There are 2 protein chains.
Amino acid sequence: MEELLSRARSIAGRTLGELAERQHISVPPDQRRAKGWAGQLLEAILGATAKSRADMDFEAIGVELKTLPVNHRGLPAESTYVCVVPLTNLEELTWETSWVRKKLSHVLWVPVQASKDVPLAQRRVGTALLWSPDPDHEAVLRADWTELTDLIRLGEVDTITAHLGEYLQIRPKAADSHARRAGVDEEGHIVPTLPRGFYLRALFTREILGRYYTTLR
Amino acid sequence: MEELLSRARSIAGRTLGELAERQHISVPPDQRRAKGWAGQLLEAILGATAKSRADMDFEAIGVELKTLPVNHRGLPAESTYVCVVPLTNLEELTWETSWVRKKLSHVLWVPVQASKDVPLAQRRVGTALLWSPDPDHEAVLRADWTELTDLIRLGEVDTITAHLGEYLQIRPKAADSHARRAGVDEEGHIVPTLPRGFYLRALFTREILGRYYTTLR
DNA sequence: ATGGATCCACCTATGGATCCCT
DNA sequence: AGGGATCCATAGGTGGATCCAT
């Protein structure tokens, strides 16, 4: 785990262009048609296993890799996707067994410049941070997760908006708004539903980074 | 349904090469690296919907299209794949609700020459046959399906061999023998298992074709 | 600023079956 | 001869996320 952090920190200050060249990967003109590009580049650089499987990035040590797009002041500008929202078979599901908790138990945050006025190839990687939620954070995450999951259990998935949840929110996660996945309605019937994902609000990841940098000083 | 049969019969006597040209599809040298080629060609020619989805080929009318590889005497030489074998969540499953019964309720059999000594492009399509199992056939299929499914329910999937079943057998259906899918063992635990499929024995499809041609005379 | 919408890559499961060794 | 092994195409789901209109 410490070795992973060292490797992640060894690329602090490098540009995405330099790292892409190292991997013989070409840099797209922008991220409009390659939204996951930076994340996948860093997976390749840091040697993440479990490519696109429903598993942790660094399986052996149970660490999830997340790039964190930061603005010119070094603060997260976007929410962070966590995992898909289960819409059926929720009977046995608890916070303790949830994917959200598992994915967030150990995260390697790698800040990456994301200001639109800097060309993609010239954006720099920041100093990585190995993080686990402290008890206060976990209590809020658990409360958010429970509130949202209970709504889904009640068949009210289509009433959920991104306004709900303090740290954790639910937003669409699909090719487009016409995509459909099995869900459950208020009568318990299986109905087609927009696929959704759990996301961490930017204010939460700002707090994570903020606490860390404060500690450093 | 009759219209489909007419279309299928209108290509009787044509070679696979002619039909491939009509679809602007190239003919592979042999079927070693394109085992499903003839079946997919006929789907294209006959306008099957539901390409590679878990659904009937001709959804609207509930008809399954099956090419039937026949030897130089016009008799089926190979078994016919029906569908994957469900290995978990068998509680609610009955013959009446099974995929096997659904897929076999209406089949458009299209015989295709399969003698290895005739080049693929020169093999001819035979006279198509729209078939539903008669009560005797269905009784045997049901008995086979029930016997095999009960073994899986008991967690004895790994004891199943292709020797079991009079008309319907279970054989591997996978990329190779290392492939694994969730199954259930004798203690009810989920264990990795070789994926399998239901197949109709060649002797059964021989009987289907034989009865039909006898009726014609 | 952010909620809702969208985009690519990759893997897996299914559907099309035949191959090939014993 | 036929049981066990294998091969390709395609659709769909998940994982990587950012875009963009308001």
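Within every chain, numbering begins at 1; the chains are lettered A, B, ... in the order of the sequence lines, protein sequences first and strands thereafter. Not measured: the values here are computed from a predicted model.
- With C/dA13, D/dG3, C/dG3 as the candidates, the nucleotide lying closest to the side chain of B/Arg181 is C/dA13.
- When all heavy atoms of A/Arg33 and A/Asp30 are compared, the pair lying nearest together is N-OD1, 4.1 Å.
- Of the side-chain N and O atoms in B/Arg33, one or more sit less than 4.0 angstrom from OP1 or OP2 of D/dC8.
- Across the protein-nucleic acid pair, B/Leu65 atom CG and C/dT14 atom C1' stand 16 Å apart, rounded to whole Å.
- The neighbour count for A/Arg180 CZ, taken as heavy atoms of other residues, nucleotides or ligands under 6.0 Å away, is above 12.
- Minimum atom distance to the side chain of B/Tyr199 is reached by D/dT6, of the listed D/dG16, C/dG16, D/dT6.
- Distances from the side chain of B/Tyr81 to the nucleotides D/dT6, C/dG15, D/dG15 place C/dG15 closest.
- Going from atom CZ of B/Phe198 over to atom P of C/dT14 covers 13 Å, rounded to whole Å.
- Put simply, CD1 on A/Ile25 is 13 Å from C1' on D/dG16, counting in whole angstrom units.
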Polar atoms only, N or O, under 3.5 Å: list the protein pairs with nucleotides 20-22 of chain C and their distances.
none

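- Between A/Arg211 and A/Glu207 a salt bridge is recorded (basic side-chain N to carboxylate O distance below 4.0 Å).
- Here the CZ atom belonging to B/Arg101 is positioned 8.5 Å from the OG1 atom belonging to B/Thr94, to the nearest 0.5 angstrom.
- The distance between atom CG of A/Asp30 and atom C1' of D/dC20, rounded to the nearest whole Å, is 13 Å.
- For B/Val84, counting side-chain heavy atoms from C-beta on, the closest listed nucleotide (D/dC7, D/dG16, C/dG15) is C/dG15.
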Derivation of the ring pair (Phe, Tyr, Trp, His ring centres under 6.0 Å) call for A/His137 and A/Phe204: CA-CA 9 Å; A/His137 284 162; A/Phe204 180 55; 4.9 Å; yes
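- Rounded to a whole Å, the CD atom of B/Gln40 is 11 Å from the P atom of C/dT18.
- Rounded to whole Å, atom C1' of C/dA17 lies 12 Å from atom CD of B/Glu64.
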Contacts under 3.5 angstrom, residues 153-166 of chain A side chains, donor-acceptor by atom type, not counting sequence neighbours:
unit_1   : atom_1 : unit_2   : atom_2 : d
A/Arg153 : NE     : A/Leu90  : O      : 3.3
A/Arg153 : NH1    : A/Asp150 : OD1    : 3.1
A/Arg153 : NH2    : A/Leu90  : O      : 3.1
A/Arg153 : NH2    : A/Leu93  : O      : 2.5
A/Asp158 : OD1    : A/Arg196 : NH2    : 2.9
A/Thr159 : OG1    : A/Glu156 : O      : 2.7
A/Thr161 : OG1    : A/His163 : N      : 3.0

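- Here the nucleotide nearest the side chain of B/Gln169, chosen from D/dG16, D/dG3, D/dA9, is D/dG3.
- Contacts of B/Gly39 with the nucleic acid, taken as non-hydrogen atoms under 4.0 Å apart, involve only primed sugar atoms and P, OP1 or OP2.
- Heavy-atom nearest nucleotides on DNA chain C were determined for B/Arg180 and for A/Arg201, and the one closer to the 5' end corresponds to A/Arg201.
- For B/Thr67, a side-chain nitrogen or oxygen approaches OP1 or OP2 of C/dA17 to under 4.0 Å.
- The stretch residues 147-165 of chain A has no heavy atom under 4.0 angstrom from DNA chain D at all.
- C/dG4 is paired with D/dC19 under the criterion used here, namely a Watson-Crick or G-U wobble arrangement in which both key atom distances are under 3.5 Å.
- With values rounded to the nearest 0.5 angstrom, B/Glu18 atom CD is found 10.5 Å from B/Ile45 atom CD1.
- Under a cutoff of 6.0 Å and an axis angle of 45°, B/Arg201 and B/Tyr167 do not form a cation-pi pair.
- Using a 4.0 Å heavy-atom distance criterion, A/Ala174 is classed as a base contact.
- Side-chain proximity of A/Arg171 to C/dG3, D/dG15, C/dT6: nearest is C/dG3.
- Of the side-chain N and O atoms in B/Ser177, one or more sit less than 4.0 angstrom from OP1 or OP2 of D/dT6.
- In this structure, the nucleotide among C/dG15, D/dA5, D/dT18 sitting nearest to the side chain of A/Pro69 is D/dT18.
- B/Lys173 comes within 4.0 angstrom of a base, heavy atoms only.
- We find that CG of B/Leu41 is positioned 18 Å from P of D/dC8, with the value rounded to whole Å.
- Taking CG from A/Leu87 and CG from A/Leu194, the interatomic distance works out to 9.0 Å, rounded to the nearest 0.5 Å.
- Once rounded to the nearest 0.5 Å, the distance linking OG of B/Ser98 with CG of B/Leu104 reads 8.5 Å.
- Rounded to an integer number of Å, the gap from A/Leu120 CG to D/dA17 P is 13 Å.
- The shortest side-chain heavy-atom distance between A/Trp131 and A/Leu108 does not fall under the 4.5 Å cut-off.
- Nearest nucleotide to the A/Lys66 side chain, out of C/dG15, D/dG16, C/dC19: D/dG16.
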